[in-house]
Amino acid sequence: MKKIDLDGLTMNVIDQGKGKPILFVHGFPLDHRMWREQRASFSAEYRVIIPDLRGFGESDVTSGTVSMAKFADDLDKMLAKLHVVEPVVYCGLSMGGYIAWEFVRRHPERLEALIVCNSKALPDSEDTRQTRHHSAVELRNNGTDNVVFAMMPKMFGMTTREKNPGLVEEFRQIMLDSNPEGMAAAQLGMADRIDATTLLADIKIPTLMIAGEEDIISPVMEMREIANAMPHGHFAEIPGVGHLSPLENPVAVNDAIRKFIEQL
Ligand code: MLT
């Protein structure tokens with residue numbers, strides 16, 4: 001673990017291994033631990049960089065709203081502090097995918113390829129936006145309990161909930177232990193995110209979309225449409241997993257990632 005100073009904000013980051021850098025960006029409300037199976041599998045051959053985003057894990061928390069652009073700029077500064085000069089393979093899940101679109105807009109020179117797991121390109125509907133605003137108030141007033149309770153049924157697929165309750169419980173606890181202010185600030189940032197569908201045709205780098213068969217937050221069809229809208233879009237569907245595919249079926253997800261990176 002490294003602690004990096006980003007203009008007064010301390011960011012926690014794993015930087016392990018040598019070779020082509022792969023940047024893994026976690027979803028909401030998680031931290032570097034959601035990528036543990038990818039860290040174990042890829043750090044022998046690649047340089048694996050896994051931060052805790054601002055407000056999550058062991059990184060500092062800032063209040064207010066943290067926009068997807070702000071997260072993307074943090075990642076750019078973090079890479080500079082780690083002396084990463086070559087373009088990276090960016091791999092983000094869900095909110096990590098929303099941040100990916102901003103990273104493409106703001107720091108394209110840093111990218112060799114993109115992997116987006118269980119995410120969306122569309123902005124929130126008005127209903128979802130309102131729910132996020134209520135959730136931010138709830139988090140600030142009462143902590144994480146109710147918000148995590150509402151999210152849990154959507155995070156893991158039915159198969160994982162039946163076959164691997166230990167994993168579900170472990171990550172429920174990680175979500176409950178997240179910082180409520182960090183979560184609230186990211187919720188408001190997600191609510192404000194802009195439409196990325198208009199960007200897709202201009203993404204010229206190879207991009208792999210990884211969908212979960214049982215994911216009800218980011219349905220397979222929507223993920224396939226994103227891949228189809230990109231000139232170099234690839235698509236993989238992981239059977240028997242929900243929204244947290246890299247944890248639910250790491251073998252299949254790692255195979256898809258490895259195959260994609262080896263073709264670059
Ligand atoms: C995530 O996994 O990052 C969240 O489901 C994203 C969201 O709330 O839209």
Side-chain angles (χ1 to χ4, degrees), residues 2-15 21-35 38 48-82 84 87-111 114-124 128-129 132-133 135-136 139 147 151 174-175 178-196 199 203 207 217-218 243-244 246:
K2 287 185 182 162
K3 301 276 183 202
I4 291 190
D5 176 56
L6 301 184
D7 309 328
L9 178 111
T10 301
M11 194 161 185
N12 190 53
V13 58
I14 289 164
D15 180 9
I22 313 177
L23 170 62
F24 288 99
V25 183
H26 65 77
F28 172 93
L30 294 159
D31 60 37
H32 68 274
R33 286 173 287 183
M34 67 146 288
W35 297 113
Q38 288 65 45
V48 166
I49 301 171
I50 316 179
D52 286 338
L53 294 168
R54 174 192 291 257
F56 295 92
E58 291 165 43
S59 291
D60 281 353
V61 177
T62 47
S63 56
T65 298
V66 180
S67 65
M68 301 302 103
K70 179 60 123 185
F71 283 127
D73 290 353
D74 282 349
L75 294 173
D76 169 58
K77 286 185 201 151
M78 177 198 76
L79 290 172
K81 291 265 168 149
L82 292 174
V84 176
V88 304
V89 176
Y90 179 118
C91 177
L93 179 128
S94 199
M95 182 176 79
Y98 309 157
I99 298 166
W101 309 133
E102 281 301 326
F103 201 83
V104 168
R105 281 195 180 96
R106 303 166 76 84
H107 307 289
E109 72 292 344
R110 282 216 175 267
L111 285 168
L114 204 55
I115 301 168
V116 175
C117 310
N118 308 82
S119 194
K120 291 172 182 300
L122 282 166
D124 282 346
T128 308
R129 209 166 283 145
R132 290 199 199 275
H133 279 267
S135 148
L139 285 159
V147 172
M151 285 188 79
I174 287 175
M175 294 183 216
S178 293
N179 184 289
E181 181 55 41
M183 280 176 69
Q187 276 286 33
L188 297 175
M190 288 192 281
D192 283 351
R193 73 185 196 281
I194 55 175
D195 189 0
L199 178 75
I203 299 181
T207 301
I217 298 179
S218 316
H243 192 56
L244 297 180

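Throughout, numbering of the chain's residues begins at 1 and tracks the sequence.
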Starting at [atom1] of [X], measure out to [atom2] of [Y] and round the result to the nearest 0.5 Å.
X	Y	atom1	atom2	result
Met183	Ser178	CE	OG	5.5 Å
Leu53	Met78	CG	CE	8.5 Å
Trp101	Asp195	CH2	CG	11.0 Å
Leu122	Ser218	CG	OG	11.0 Å
Phe71	Glu102	CZ	CD	12.0 Å
Met95	His26	CE	NE2	6.0 Å

Closest contact, heavy atoms only, [X] versus [Y]:
X	Y	result
Ser94	Ser119	O-OG, 2.8 Å
Leu111	Tyr90	CD2-CB, 3.5 Å
Leu139	Pro180	O-CB, 3.4 Å
Gly55	Asn179	O-CB, 3.9 Å
Pro246	Met34	CG-CE, 4.0 Å
Pro29	Phe56	CA-CE2, 3.8 Å

So does [Y] get a backbone contact from the side chain of [X], meaning a donor-acceptor N/O pair under 3.5 Å?
X	Y	value
Arg110	Val84	yes
Asn12	Asp52	no
Arg193	Met190	yes
Arg132	Leu188	no
Lys120	Ile217	yes

Worked verdict on Arg33 versus Ile50 for side-chain contact (heavy atoms from CB on, under 4.5 Å): CA-CA 9 Å; Arg33 286 173 287 183; Ile50 316 179; over 6 Å; no
Asp76 bridged to Arg106 by N-O distance under 4.0 Å: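 No.
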Got a list of side-chain donor-acceptor pairs under 3.5 Å for residues 60-68, not counting sequence neighbours?
{"unit_1": "Asp60", "atom_1": "OD2", "unit_2": "Thr10", "atom_2": "N", "d": "2.9"}
{"unit_1": "Thr62", "atom_1": "OG1", "unit_2": "Arg54", "atom_2": "NH1", "d": "3.3"}
{"unit_1": "Ser67", "atom_1": "OG", "unit_2": "Lys70", "atom_2": "N", "d": "3.0"}

Could you tell me if the side chain of [Y] sits less than 4.5 Å from the side chain of [X], heavy atoms only?
X	Y	value
Leu244	Asn118	no
Lys81	Leu6	yes
Lys77	Leu9	no

Test applied, side chain to side chain contact (heavy atoms under 4.5 Å, CB included); reference residue, Pro51; option that passes from Asp15, Asp74, Leu23, Asp31: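 Only match with Pro51 under side chain to side chain contact (heavy atoms under 4.5 Å, CB included): Leu23.
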